[in-house]
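Encoded as structure tokens, the structure appears first; notes follow it.
Residue numbers begin at 1 in each chain, while the letters A, B, ... track the order of the sequences.
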Amino acid sequence: MTDEYPVGSLLEFARSLLGSRIVSGDVAVRLTEVEAYAGPLDPASHAYNRTPRSEIMFGPPMRLYVYFSYGIHWCANIVWGEEGTACAVLMRAGQVVSGLDEARRRRGAAVPEKRLASGPANLTKALGIGGTDNGADLSDAEGIHLELRTDPAPIIVAGPRVGVSKAADVPWRFWIAGDRSVSAYKRSPRAPAPSD
DNA sequence: TCGCTGATCATCT
DNA sequence: GATGATCAGCGAA
């Protein structure tokens with residue numbers, strides 16, 4: 001590869017998602033926390049190796065990559081970048097801004113509003129996203145789609161990604177400063193000790 | 001508020 | 001056969 005891998009614009013795209021809305025049926029979520037995964041050059045990415053599961057990320061951008069995690073949870077990424085770069089951004093948390101009743105029905109009545117879509121698995125659950133949505137085209141306004149933010153950028157903070165055991169110190173997680181729905185940082189128990 | 005643990009299975013080696 | 005981009009519930013402080 002002689003071309004420089006588009007890490008800079010991937011991170012820029014990730015930041016532009018903060019404050020944007022992901023819409024699924026009646027439910028809309030304003031994203032407050034995301035993580036970038038840089039395909040084959042990122043050991044923490046599922047696309048580090050090209051396998052049947054990660055194949056969707058090597059395809060065209062603006063598709064949904066949904067995977068099943070820890071035997072119980074679904075998590076959703078937005079595929080981005082030119083075909084073959086296998087970049088993706090994991091949606092980690094957000095605030096439910098419409099379809100509150102529907103989201104609460106999926107998550108449980110006792111869940112406080114701030115936590116309805118707090119955490120990647122909670123976010124997919126609130127939106128009703130599952131395995132059948134893998135590969136969905138986000139530019140299709142009829143289905144799950146993205147409404148990019150048009151108002152000024154919020155104040156954004158960057159830090160290390162949550163729960164990854166490889167490349168654990170790369171600051172590719174972004175969140176809106178001070179937002180209550182953002183996950184608490186938790187280092188993977190398998191990650192090597194941070195270098196100091 | 002913090003830290004540990006069990007649940008549970010698709011995917012990869 | 002092991003692993004993991006998680007969550008909720010529990011007990012301790």
Taking the side chain from A/Ser54 and the backbone from A/Ala47, do they hold a donor-acceptor pair closer than 3.5 Å? no
Hey, is the side chain of A/His46 poking within less than 4.0 Å of OP1 or OP2 on B/dT11, counting only N and O atoms? no
Base, backbone or nothing for each nucleotide of nucleotides 1-9 of chain B, written B, S, -, heavy atoms under 4.0 angstrom, 5' to 3'? ----B-BBB
Could you tell me whether A/Glu12 and A/Arg15 have a side-chain N and a carboxylate O separated by less than 4.0 Å? no
A/Glu113, CD atom: more than 12 neighbouring heavy atoms under 6.0 Å: no
Please evaluate the base of C/dA5 for a donor-acceptor partner in the side chain of A/Tyr67 within a cut-off of under 3.5 Å? yes
Under 4.0 Å between a side-chain N/O of A/Arg53 and OP1 or OP2 of C/dT3, yes or no? no
Is the number of heavy atoms from other residues, nucleotides or ligands under 6.0 Å of A/Arg115 CZ greater than 12? no
Measure from the side-chain heavy atoms of A/Ala121 and tell me the nearest of C/dT6, B/dT11, C/dA5. C/dT6
A/Met57 has its side chain closest, among C/dC7, C/dA5, B/dC12, to C/dA5
Is a donor on one side and an acceptor on the other found under 3.5 Å between the side chain of A/Arg149 and the backbone of A/Leu18? yes
Side-chain donor-acceptor pair under 3.5 Å between A/Thr51 and A/Asn49, yes or no? no
Quick one: A/Asn134 CG to B/dT11 C1', roughly how many Å, whole number? 13 Å
Rounded to whole Å, CD of A/Glu35 lies from P of C/dT6 at a distance of 7 Å
Could you tell me if the side chain of A/Val66 sits less than 4.5 Å from the side chain of A/Thr124, heavy atoms only? no
Should the pair A/Arg161-A/Asp42 be classified as a salt bridge under the 4.0 Å nitrogen-to-oxygen rule? yes
Which is true for A/Ala44 with a 4.0 Å heavy-atom rule: it touches a base, it touches only sugar-phosphate, or it touches nothing? base
Using a 4.0 Å heavy-atom cut-off across all strands, classify A/Arg107 as base, sugar-phosphate, or nothing. sugar-phosphate
If you compare every side-chain N and O of A/Ser165 against the phosphate oxygens of C/dG4 (OP1, OP2), does one of them come in below 4.0 Å? yes
How close or far is atom C1' of C/dC7 from atom CG of A/Leu116, stated in whole angstroms? 15 Å
Say whether, by atom type as modelled, one donor and one acceptor occur between the side chain of A/Arg30 and the main chain of A/Gln95 under 3.5 angstrom. no
Distance, rounded to the nearest Å, where A/Ile56 contributes CD1 and C/dA5 contributes P: 19 Å
If the cut-off is 4.0 Å, is A/Arg92 near the phosphate of C/dT6, judged by side-chain N/O to OP1 or OP2? yes
Identify all stems in which DNA chain C takes part, counting only runs of at least 3 consecutive pairs (Watson-Crick or G-U wobble, each distance under 3.5 Å), and give each as one range with another, ordered by first number. B:1-7 with C:6-12, B:9-12 with C:1-4
Separation of C/dA5 atom C1' from A/Met91 atom CE, nearest Å, is 13 Å
If I take atom CZ in residue A/Phe174 and atom P in nucleotide C/dA5, what distance separates them, rounded to the nearest angstrom? 19 Å
What is the distance, rounded to the nearest whole Å, between atom CZ of A/Arg50 and atom P of B/dT11? 17 Å
What is the nucleic acid contact for A/Asn122, judged by heavy atoms within less than 4.0 Å: base, sugar-phosphate only, or nothing? sugar-phosphate
Between A/Phe68 and A/His73, ring centroids under 6.0 Å: no
Between NZ of A/Lys166 and C1' of C/dT3 the distance, given in whole Å, is 10 Å
